[in-house]
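A quick write-up on the structure given underneath.
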Amino acid sequence: MLTERIRLLRSQLEGFLRDFYGIEPPELQVEVPPRIEFGDLAFPFPFQLAKILRKPPRQIASEVAENAPQMEGVAGLEAAGAGFVNVFLDRSMYFQDLRSRLHAGATEPTGGKIVVEHTNINPNKAAHIGHLRNAILGDTFIRLLKSSGRQVEIQNYIDNTGVQVADVVVGFHYLRKMDLSKIEEVPDPFDYYCWDLYAEVFSWYELESSRIQYRHEVLEAIEAGGNAFYVMAQYVSDRVVKAHLRTMERIGVNYDVLPRESEILHLKFWDDAFQQLKEKEAILFSEDGPNKGCWVMALPGENGQDAEEKVIVRSNGTVTYVGKDIAYQLWKFGLLGKTFHYRPFHTNPEGQVVWITDDVASVEDEPEFGGASRVYNVIDVRQSYLQRVVVQGLRSLGYNEEADNSTHFSYEMVALSPACCRDLGIELSETDKNRPYVEVSGRKGLGVKADDLIDKLLKKSLEEVLRRQQDLPLEKSKLIAHQITVGALRYFMLKYTRNSVIAFDFGEALSFEGENGPYLQYSVVRADNIFRKLSKRDPALAEGLDENIQTHLWDNEALSLLLEDNAVWQLLLDIGRTEEVVEQSIDSLEVAGIAKHAFNVAQQFNLFYHKHHILSEPDDTKQLFYLTVADTARRGLVKLLDLLGIEIPERM
RNA sequence: GCGCUCGUAGCUCAGUUGGAUAGAGCGCCGGUCUACGAAACCGGAGGCCGCAGGUUCGAAUCCUGCCGGGCGCGCCA
């Protein structure tokens with residue numbers, strides 16, 4: 001909305017500078033003035049032109065402000081500060097544009113397919129708070145992409161044949177002496193059971209170092225397939241994945257397809273990738289040195305020199321983890337000579353089917369996945385090195401465009417604050433005591449499980465709802481508590497920028513006062529309450545609001561006078577900035593930007609709400625104006641909350 | 001050792017293409033509810049923006065060095 005206005009303005013001003021000064025102006029930067037009184041947009045170009053024109057910036061700014069032609073949508077220009085040209089928008093026109101924009105529906109997706117991979121939890125234990133950050137970042141990023149008209153495919157990679165699963169199988173077989181039928185009898189929550197077992201297996205390994213052999217034995221069997229360990233691993237993995245899907249469903253996170261490592265192995269994806277890598281000499285056989293007998297890939301260092309090399313195929317002929325990742329990345333772009341088969345794995349509450357990969361075709365009309373023109377991998381920052389190797393793999397194969405379109409959406413981990421460790425009753429080692437936070441560790445069973453956190457939030461939300469809403473049926477209160485829980489959790493994970501480590505603290509995560517999800521929801525509920533009450537008091541006005549606005553507000557000469565209220569104007573101005581913020585958030589991979597923007601808008605709405613008691617406003621025109629502002633604000637906020645994956649409770 | 005990243009109010013954090021008087025939440029002090037529900041709002045105190053140089057009309061933001069955290073760097077997975 002504002003983006004288009006700026007684009008127009010910029011070209012008009014550039015044209016003016018060209019004519020007036022006879023120079024070719026640089027691309028004009030646009031900024032937001034520090035205070036609304038200064039104007040709505042600020043152009044700092046006089047500073048840049050000062051040298052060329054040999055005039056002080058302030059003089060240039062004044063000349064431009066005085067001599068620039070009338071521009072549509074602009075009320076006036078002003079020279080300000082040491083040499084800014086500030087723009088005052090036509091507020092009435094902006095308000096009308098904004099409303100018609102908020103009424104417009106969604107557009108059909110265009111452009112090539114974008115694959116976003118996120119979640120990727122090892123299917124051997126319950127999801128924890130770190131996984132929640134991953135899934136919420138990924139899911140929200142997807143919502144932003146979709147809202148700006150991109151076509152998106154959501155993948156959640158399942159490493160069902162790795163050591164982590166093998167360790168749990170070792171636990172079931174050697175430690176618990178359980179066969180498949182016994183494992184099937186383990187009651188839910190199965191992922192919780194595995195969480196404990198996994199940690200137990202690790203201490204069991206440590207007690208007797210020779211026991212690590214069981215891991216190798218089981219791992220080999222799983223990779224080979226067609227044996228009891230393989231079947232056991234499949235069962236464990238599938239059941240844990242189902243648990244993960246249910247956990248993520250609780251917070252509104254869904255997937256299109258679950259590509260599995262087992263199919264990458266069975267369908268021999270690596271063979272094809274290996275062939276390509278050898279043919280194009282992207283990897284070379286190492287004749288001597290420390291990597292003798294391996295196939296290695298050169299990683300470019302400073303000044304284009306080959307600084308180091310990474311082993312892709314070991315001297316015993318097996319492929320490393322990163323090698324399989326290269327094959328998988330090639331498949332995502334449709335650059336591999338092979339593809340998966342698929343079968344339905346799960347149907348989410350909205351009725352959408354989640355597909356999983358398979359070795360053979362088992363259903364008619366298999367969907368097609370992969371073949372993207374752009375790929376985002378949402379993985380924490382500790383995987384940066386390997387992600388770089390994968391991209392280098394594409395580049396070495398000559399797929400430069402695809403390499404450029406491969407983005408590692410990296411973010412920092414969620415760690416446990418000292419206070420959190422105390423809450424959990426965790427004994428800290430001497431070295432850990434001196435740290436600002438402690439890393440979550442599945443091996444040690446150290447962490448906060450996702451479902452535990454969600455349950456705690458649910459309990460607290462329900463208490464708060466019951467305290468405030470005594471006349472609601474319990475089912476409704478529960479629904480509202482759930483919506484508040486999702487709002488609190490999602491906003492909590494989104495408000496930090498991705499490079500900042502979250503030192504998890506229950507107090508902060510469970511707080512419903514201040515900057516958090518419930519605050520945003522509450523703002524909309526307040527706005528909704530105005531209109532609910534209005535429908536009862538004055539049904540005619542509530543029903544015909546849009547018509548009323550059309551006939552009694554837009555042409556009313558009082559409108560521009562009412563819009564002189566800067567607090568109201570700032571609110572409207574910022575709502576119109578949403579699309580710009582979405583694009584910025586996508587470009588910078590910084591989803592926190594949209595979360596902060598939503599909070600900012602909600603804050604301004606609350607201020608407005610407090611200042612004006614709309615329903616008791618005696619002046620009809622004023623009341624209509626305030627109703628229109630409130631309605632615009634709630635529509636803007638609903639849209640913003642939808643982008644964040646946060647629902648609006650009926651009451652709070 | 002090399003690479004990445006962070007250091008901003010008592011605490012947790014925004015401040016991303018260099019811009020005008022550095023912001024928010026929590027906490028603290030003091031106010032505002034017979035209601036469009038206070039999960040809110042208003043006011044106040046509280047800042048060598050880690051340190052030192054440099055570039056620039058202008059630096060929390062860019063460059064260099066240093067100090068202090070964190071992460072990564074295996075034929076492991």
Side-chain angles (χ1 to χ4, degrees), chain A residues 27 29 31 33-35 38 42 44 47-48 50-51 56-57 80-84 86 122 159 162-164 166 215 219 286 290-296 301-302 307-308 310-316 318-322 380-386 388 410 412-413 415 417 435-437 439 461 464-465 467-469 484 488 495-497 499-503 505 507-508 511-516 518-519 521-523 525-534 537 584-585 587-590 592-593 595-596 599-600 603 606-607 609-617 626-627 630 651-652:
Chain A
E27 171 139 353
Q29 305 292 321
E31 287 159 15
R35 280 162 56 185
F38 294 172
F47 295 104
Q48 292 163 274
K51 252 185 199 164
F84 293 93
N86 288 354
N122 277 318
D159 183 4
V163 276
Q164 285 88 350
R215 167 197 269 183
L219 184 60
S286 189
N291 296 330
K292 186 177 174 186
C294 301
W295 287 88
V296 299
E302 302 283 318
E308 44 187 327
K310 173 78 189 163
V311 172
I312 304 297
V313 179
R314 301 177 191 111
S315 55
N316 67 6
T318 57
V319 59
T320 57
Y321 194 81
V322 71
D380 80 58
V381 68
R382 288 170 292 190
Q383 301 284 327
S384 292
Y385 174 69
L386 292 179
R388 225 173 54 234
S410 85
E412 266 290 357
M413 59 181 174
S417 69
R435 289 164 169 270
Y437 43 74
E439 201 171 339
S461 305
E464 299 285 335
V465 173
R467 198 152 54 80
R468 287 161 226 254
Q469 308 287 343
I484 291 171
K495 73 174 174 182
Y496 300 92
T497 50
N499 278 334
S500 112
V501 177
I502 299 179
D505 180 272
E508 280 171 34
S511 167
F512 293 166
E513 273 163 30
E515 185 191 348
N516 51 44
Y519 178 94
Q521 294 170 309
Y522 184 61
S523 312
V525 169
R526 287 179 127 181
D528 286 342
N529 282 345
I530 299 173
F531 291 94
R532 196 196 354 258
K533 208 133 210 172
L534 182 71
R537 288 195 197 172
Q584 265 174 20
S585 295
D587 291 344
S588 58
L589 308 177
E590 201 57 272
K596 294 278 177 191
F599 176 67
N600 179 29
Q603 243 183 343
N606 273 323
L607 179 65
Y609 176 92
H610 246 269
K611 220 159 95 184
H612 306 285
H613 198 279
I614 300 171
L615 293 183
S616 61
E617 171 58 51
Y626 291 140
L627 279 171
R651 293 170 65 182
M652 274 180 84

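Order of the sequence lines sets the chain letters (A, B, ...), proteins ahead of strands, with each chain counted from 1. Since this is a predicted model, take the numbers as computed values, not measurements. For the numbers below, each heavy atom of this structure counts, side chains included, while hydrogens, waters and symmetry mates do not.
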*Both distances under 3.5 Å, Watson-Crick or G-U wobble: report the partner of B:C2, or none.*
B:G72
_Once you apply a heavy-atom cut-off of 4.0 Å, does A:S500 come out as touching a base, just sugar-phosphate, or nothing?_
sugar-phosphate
*Rounded off to whole Å, could you give me the OH-to-P distance for the A:Y385 and B:A77 pair?*
16 Å
_Between B:G19 and B:C13 - P atom distance, rounded Å_ = 24 Å
*Touch check for A:P34, heavy atoms < 4.0 angstrom, all strands: base, sugar-phosphate only, or nothing?*
base
*Measure distances between side-chain N and O atoms of A:T320 and base N and O atoms of B:C75, and say whether any donor-acceptor pair falls under 3.5 Å.*
no
*Quick one: list whatever passes side chain to side chain donor-acceptor pair (under 3.5 Å) with A:Q469, sequence neighbours left out.*
A:R651
_Whether A:Y519 stacks on the six-membered ring of B:A40 base, 5.5 Å and 30° limits_ = no
*With a 4.5 Å heavy-atom cut-off, do A:R388 and A:Y385 have their side chains touching?*
yes
*Just say parallel, tilted or perpendicular for the rings of A:F84 and A:F47, cut-offs at 30° and 60°.*
perpendicular
*Considering only atom P, compute the distance from B:A20 to B:G27 and round it to an integer number of Å.*
31 Å
*Would A:S523 and A:Y609 count as a side-chain contact (heavy atoms from CB on, under 4.5 Å) if you check the C-alpha gap in whole Å, the side-chain angles of each, and the deciding distance to 0.1 Å?*
CA-CA 9 Å; A:S523 312; A:Y609 176 92; over 6 Å; no
*asked:* Between A:R435 and B:C71, is there a contact of a side-chain N or O with OP1 or OP2 at under 4.0 Å?
replied: yes
*NZ/NE/NH1/NH2 to OD/OE distance under 4.0 Å, A:E439 and A:R382*: yes
_Please report the distance, rounded to the nearest Å, between CD1 in A:I502 and C1' in B:C11._
16 Å
*Scan A:I312 against the nucleic acid and name what it touches under 4.0 Å (heavy atoms): base, sugar-phosphate only, or nothing.*
nothing
_Could you tell me how far apart A:Q164 (CD) and B:A77 (C1') are, to the nearest whole angstrom?_
6 Å
*asked:* Rounding to an integer number of angstrom, what distance separates B:C67 and B:G53 when you compare their C1' atoms?
replied: 15 Å
_Gap between atoms CG and P, on A:D380 and B:C6 respectively (whole Å)_ = 16 Å
*asked:* Between B:C75 and B:G69, how far apart are the two C1' atoms, rounded to whole Å?
replied: 33 Å
*Base, sugar-phosphate, or nothing for A:A80, non-hydrogen atoms under 4.0 angstrom?*
base
*Kindly say if A:R314 contacts the phosphate of B:A77, meaning a side-chain N or O under 4.0 Å from OP1 or OP2.*
yes
_With a 4.5 Å cut-off on side-chain heavy atoms, are A:Y626 and A:I530 touching?_
no
_Mind checking if A:G81 touches a base, just sugar-phosphate, or nothing, with heavy atoms under 4.0 Å?_
base
*asked:* Could you tell me how far B:U64 sits from B:C2 if I compare only their P atoms? Round to whole Å.
replied: 14 Å
_Closest to the A:M413 side chain, choosing from B:G70, B:C57, B:A20_ = B:G70
*OP1 or OP2 of B:C11 under 4.0 Å from side-chain N/O of A:S417*: no
*Describe the nucleic acid contact of A:Y496 in one word from base, sugar-phosphate, nothing, applying a heavy-atom distance below 4.0 Å.*
sugar-phosphate
_Nearest whole Å is fine: how far is B:G72 C1' from A:N499 CG?_
14 Å
_Nearest-angstrom distance, C1' atom, B:A9 to B:U56_ = 29 Å
_I need the CZ-C1' distance between A:R388 and B:G3, as an integer number of Å._
7 Å
*Are a donor atom and an acceptor atom from the side chains of A:T497 and A:N499 found within less than 3.5 Å of each other?*
no
*Note, A:L627 side chain near A:F531 side chain (heavy atom, < 4.5 Å)*: yes
*To the nearest Å, how far apart are A:R651 CZ and B:G37 P?*
9 Å
*Rounded to whole angstrom units, what separation is found between the NZ atom of A:K495 and the C1' atom of B:G23?*
15 Å
*Among A:Q521, A:E464, A:R468, A:R526, which residue meets the side-chain contact (heavy atoms from CB on, under 4.5 Å) test with A:M652?*
A:Q521
*asked:* Does B:C33 count as syn, meaning its glycosidic angle lies within 90° of 0, or as anti?
replied: syn
*Any chance you could list the contact pattern along nucleotides 29-36 of chain B? Use B for base contacts, S for sugar-phosphate-only contacts and - for none, protein heavy atoms under 4.0 Å, 5' to 3'.*
-------B
_Please give the distance between the P atoms of B:U17 and B:A59 as a whole number of Å._
15 Å
*Under 4.0 angstrom between A:Q603 side-chain N/O and B:G25 OP1 or OP2*: yes
